[in-house]
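Sequence positions, counted from 1, serve as the residue numbers for this chain.
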Amino acid sequence: MLPSWVPGLAAAVVFLHVLQKLAFPYFWADLWYLLKVVRYGIRLKMYEQRGELFTVLDRFLTLANKQPQKPFIIYEGDVHTYQDVDKRSNRVARVFLNHSALKRGDTVALLMSNEPDFVHVWFGLAKLGCVVAFLNSNIRSTSLLHCIRSCEPKAVVVGADLLGTVEEILPSLPEGITVWGMNDSVPQGVTSLKEKLSMASDKPVPRSHHVASSLKSPHLYIFTSGTTGLPKAAVISQLQALKGSAGLWAFGCTANDIIYITLPLYHSSGALLGIGGCVELGATCVLKKKFSASQFWNDCRKYNVTVFQYIGELCRYLCKQPKLLFTFDLIKYDFQKDEPIRNEQGWCIHVRKGEPGLLISRVNEKNPFFGYAGSKKHTEKKLLCDVFKKGDVYFNTGDLMVQDEENFLYFWDRIGDTFRWKGENVATTEVADVIGMLDFIQETNVYGVAVSDYEGKAGMASIILKQNKSLDLEKVYEQVVTFLPAYACPRFLRIQEKMETTGTFKLQKFQLVEEGFSPLKISDPLYFMDNLKKSYVPLTKELYNQIMLGEIKL
């Protein structure tokens, strides 16, 4: 006969189990994830205490010796093993060691599309201790020149398919910058890196060239449009790169996984979480030049893909629920004034569940913010001070998020002079400046509008024409496609006679965003970007209905 306390204990266990399922349905999954993250943090701390500053590159070199014949990158059917990538990147390092004045700590800008040589050049330069600045392969002209100037590189490496883009700005490049092209035939003023690679040794360079002096030292510059102005170069330290590389592992991926990467490698998600994640695991990645919905499932079957990276309008670095190591807050935001709302005491206010709020993260010694390259004002503008108490500092992500009753986070919108389209942040001031270069434009106000069944917001420009000037729709089209990346080109135009401003004389966007692009509600002339006609065309009610029904793709 069982002791009298056993049924009571069993009932208590059942009760606690039911309570846990109802009140904390993700408890065990969260606990195991948290333990993995803590374990990784302890590992990094032990390396640091022993004086072993182990970087993502060091991890790759270990794998190249341990599993040299294992496929690392599969690209368009070609297999590049860990040894292949190691040797090819050694050649890159040798070329710059022997044919340039590059030294440890120098910055080199990299303008390439998704291809294996992106990784070869990245790792090769890292083997020399260089800081690599990833340039957005979609930008051109003024924006590209701005990015190059802001990170102050000693050299620029350009992919074969982007040499024409760089050729346009060659005369305007600052003195002292050498340009290297990944092609046999290169424009005048560009050195062929491909030609020199064919003759370079694949012998490893001494580790002394790249050994890290500190995990806080810069490893990469990754450009972000931020909330205002032209793109800014965010400093990615060795520590941040290590944390990013642990993402796939933390979410349960293993060395046996085959990871499908279609995200651009100039983004932190593609480079740090994708390539870096594969390095941390010792896994294989299938690299795609760009995402193709029609080829996706065929590729998955062909290469036995087990994991793929997806980014919609979700915050990239947050777990789905709050945890001890990833603290954040959502605060109320004034969309009219374009600033956080503060109470009578001057403190920011938390939002309720289900209410959109500005995502902020505490900045302290354990969670540092390394800022942007160049002017300190860019870094300072991303920080909020005296948020909940005197002296505290928070990082302003620029993302408006919603947290539901189960504590899951969802992207809602961007703040300030930025909106997101096709997974990219679009700086409205940059678009407005490009359109404003036309001699018949008096003023331009750019903003994002919601479109049914599309994530993010499509670009729209409200325009005032100069007196006695007429609108040339073909010229507007030519201007934006020439000077802007495809995702930043406004899909819609609106012609107004005057524009409303805020109390601080900024152009009023809120009402324009609310009104959208419907000819049923707006009496002003509206136009739609027609890529077949290479012009903007009148946005009729019929055309509007076709867009809303999904018959015309944006």
Side-chain angles (χ1 to χ4, degrees), residues 47 50-75 78-110 112 115-134 153-155 157 178 180 182 191-215 217-220 236-239 241-242 245 255 265 271-272 275-285 287:
Y47 281 137
R50 292 201 299 258
E52 300 174 13
L53 298 181
F54 201 73
T55 64
V56 173
L57 177 61
D58 292 322
R59 171 66 177 162
F60 168 75
L61 294 174
T62 300
L63 291 168
N65 288 323
K66 183 180 178 182
Q67 50 184 42
Q69 300 308 316
K70 181 170 182 177
F72 177 26
I73 299 173
I74 300 174
Y75 179 77
D78 293 330
V79 176
H80 303 259
T81 66
Y82 275 82
Q83 185 180 72
D84 293 336
V85 175
D86 185 31
K87 287 187 174 182
R88 178 77 167 173
S89 58
N90 283 342
R91 290 180 185 272
V92 172
R94 287 286 172 186
V95 169
F96 286 106
L97 197 60
N98 298 329
H99 300 280
S100 78
L102 284 179
K103 61 184 185 298
R104 180 173 167 174
D106 285 345
T107 298
V108 180
L110 178 58
M112 296 182 75
E115 56 182 289
D117 272 340
F118 186 110
V119 181
H120 298 147
V121 175
W122 168 15
F123 285 12
L125 290 167
K127 287 178 178 180
L128 296 181
C130 292
V131 181
V132 185
F134 294 162
K154 301 290 186 183
V157 181
T178 57
W180 299 74
M182 194 58 75
T191 304
S192 173
L193 177 57
K194 187 176 181 182
E195 179 188 339
K196 285 185 165 45
L197 283 174
S198 64
M199 299 178 287
S201 165
D202 61 11
K203 183 181 177 181
V205 296
R207 186 171 183 268
S208 58
H209 283 287
H210 72 260
V211 64
S213 58
S214 166
L215 288 181
S217 61
H219 172 50
L220 300 170
I236 306 297
S237 67
Q238 297 283 2
L239 180 60
L242 279 169
S245 71
L265 295 185
L272 302 185
I275 297 297
C278 287
V279 169
E280 172 60 31
L281 294 169
T284 299
C285 76
L287 182 63

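- With Thr81 contributing its side chain and Pro68 its backbone, the two residues share a donor-acceptor pair below 3.5 Å.
- For the pair Phe123 and Ile275, the minimum side-chain heavy-atom distance is below 4.5 Å.
- Residues Ala93 and Gly124 approach most closely at CB-O, 3.4 Å, considering heavy atoms.
- Using a 4.5 Å cut-off on side-chain heavy atoms (C-beta onward), Leu53 and Val211 make no contact.
- Note: Arg91 CZ to Met199 CE = 11.0 Å, rounded to the nearest 0.5 Å.
- The aromatic rings of Phe134 and Trp122 sit perpendicular to each other, their planes meeting at more than 60°, with 30° as the lower class boundary.
- When all heavy atoms are compared, the tightest approach of Ala126 to His219 is CB-CE1, 4.3 Å.
- The side-chain contact (heavy atoms from CB on, under 4.5 Å) with Pro153 is formed by just one residue from the set Leu102, Thr107, Asp106; it is Thr107.
- The two atoms that bring His120 and Ser89 nearest to each other are O-CB, 3.4 Å, heavy atoms only.
- In this structure the side chain of Val119 reaches within 4.5 angstrom of the side chain of Leu265, judged on heavy atoms.
- Taking all atoms of both residues into account, the shortest heavy-atom contact from Leu97 to Leu128 is CD1-CD2, 3.9 Å.
- Within the 3.5 Å criterion, the main-chain N or O of Pro204 finds a donor-acceptor partner in the side chain of Arg94.
- With a 4.5 Å cut-off on side-chain heavy atoms, Leu193 and Asp117 do not count as touching.
- Between the NZ atom of Lys154 and the SG atom of Cys130 there is a distance of 10.5 Å, given to the nearest 0.5 Å.
- Contact between Gln67 and Tyr82 at its shortest, heavy atoms only, is NE2-CE1, 3.5 Å.
- Side chain of Lys70 to backbone of Gly282: a donor-acceptor contact under 3.5 angstrom is found.
- Within the model, atoms CD of Glu115 and CE of Met182 stand 7.0 Å from one another, a figure rounded to the nearest 0.5 Å.
- Annotation: side chain of His99 is not in contact with side chain of Thr178 (no heavy-atom distance under 4.5 Å).
- Proximity of a side-chain donor or acceptor of Thr284 to a complementary backbone N or O of Pro71 within less than 3.5 Å is detected.
- Looking only at side-chain heavy atoms (C-beta outward), Val85 and Phe60 come within less than 4.5 Å of each other.
- Side-chain atoms of Arg104 come within 3.5 Å of backbone N or O of Ser208 as a donor-acceptor pair.
- Between the Lys127 side chain and the Asp86 main chain, a donor and an acceptor come within less than 3.5 Å of each other.
- Side-chain contact between Trp180 and Val95 is present, with heavy atoms from C-beta onward closer than 4.5 Å.
- When every heavy atom of Ile73 is checked against every heavy atom of Leu287, the shortest pair comes out as CG2-CB, 4.0 Å.
- For the pair Leu125/Phe96, a side-chain contact is recorded, criterion being any heavy-atom separation below 4.5 Å from C-beta on.
- Within 6.0 Å of NZ in Lys196 there are more than 12 heavy atoms belonging to other residues, nucleotides or ligands.
- Salt-bridge check for Arg207 with Asp58: passed, with a basic side-chain N closer than 4.0 Å to an acidic carboxylate O.
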